[in-house]
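Just so it is clear, the values below take in all heavy atoms, side chains as well, and ignore hydrogens, waters and symmetry mates.
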Amino acid sequence: SKNKSGSTHVVPNRDRGGWDIKQAGGQRSSGHFCTQRDAIDRARQISRNQGTELVVHRSNGQIREKDSHGTIRARRQGDDKRVGPGPSPG
C-alpha cells in the first residue's frame with residue numbers, strides 16, 4: 001500500500017557536517033544531528049508516526065538501508081522483561 005508522504009530520509013549535511021532528516025519531496029530539514037545514530041533514532045520515530053519508509057544514506061549519499069515498518073524489529077527498553085521469547089503478534 002502506498003502512503004501519502006512516501007519516505008523519511010537520513011542524509012549527510014554537506015554544508016554543516018552531521019546529518020539531516022528530510023521528508024521525500026521536502027526541502028526543509030526535520031532535524032539536524034551530529035551523529036548518524038542520533039539522526040536514525042529520530043527519523044525512525046518520525047517515520048513510524050507517519051507510516052513512511054525510513055531510508056538511511058551513507059556519507060557519500062548512497063542508500064545504506066531501507067526500513068519499512070513491516071521489517072523493523074523495534075526493541076524498546078523494558079519490552080524484554082514483559083514479553084517472552086518468540087515472535088510478537090502482528
Are Arg28 and Lys22 side-chain neighbours, meaning at least one heavy-atom pair lies under 4.5 Å?
no
One pair to check against side chain to side chain contact (heavy atoms under 4.5 Å, CB included): Ser30 and Ile46. What are the steps and the verdict?
CA-CA 9 Å; Ser30 300; Ile46 292 172; 4.2 Å; yes
Answer whether the closest heavy-atom distance between the side chains of Val10 and Arg64 falls below 4.5 Å.
no
In sequence, state the C-alpha distance, the side-chain angles, and the governing distance for Glu53 and Thr8, and then conclude on side chain to side chain contact (heavy atoms under 4.5 Å, CB included).
CA-CA 6 Å; Glu53 183 178 51; Thr8 302; over 6 Å; no
Output yes when a side-chain donor or acceptor of His57 lies under 3.5 Å from a complementary backbone atom of Glu65, and no otherwise.
no
What residue among Asp41, Asp38, Asp20 forms side-chain contact (heavy atoms from CB on, under 4.5 Å) with Phe33?
Asp38
Shortest non-hydrogen contact from Arg58 toward Ile63:
NE-O, 4.3 Å
Which heavy atom in Pro12 sits nearest to a heavy atom in Gly61, and how many Å separate them?
CG-N, 4.3 Å
Would you mind reporting whether Trp19 and Cys34 have side-chain heavy atoms less than 4.5 Å apart?
no
State, yes or no, whether a side-chain contact exists between Leu54 and Ser7 at a heavy-atom distance under 4.5 Å.
no
Report the C-alpha separation of Arg42 and Gln45 in whole Å, then their side-chain angles, then the decisive distance to 0.1 Å, and conclude whether the side-chain hydrogen bond (donor to acceptor under 3.5 Å, both in side chains) test is met.
CA-CA 5 Å; Arg42 179 69 186 121; Gln45 291 173 355; 2.8 Å; yes
Residue of the set Ile21, Val55, Val56 for which side-chain contact (heavy atoms from CB on, under 4.5 Å) holds with His9
Val55
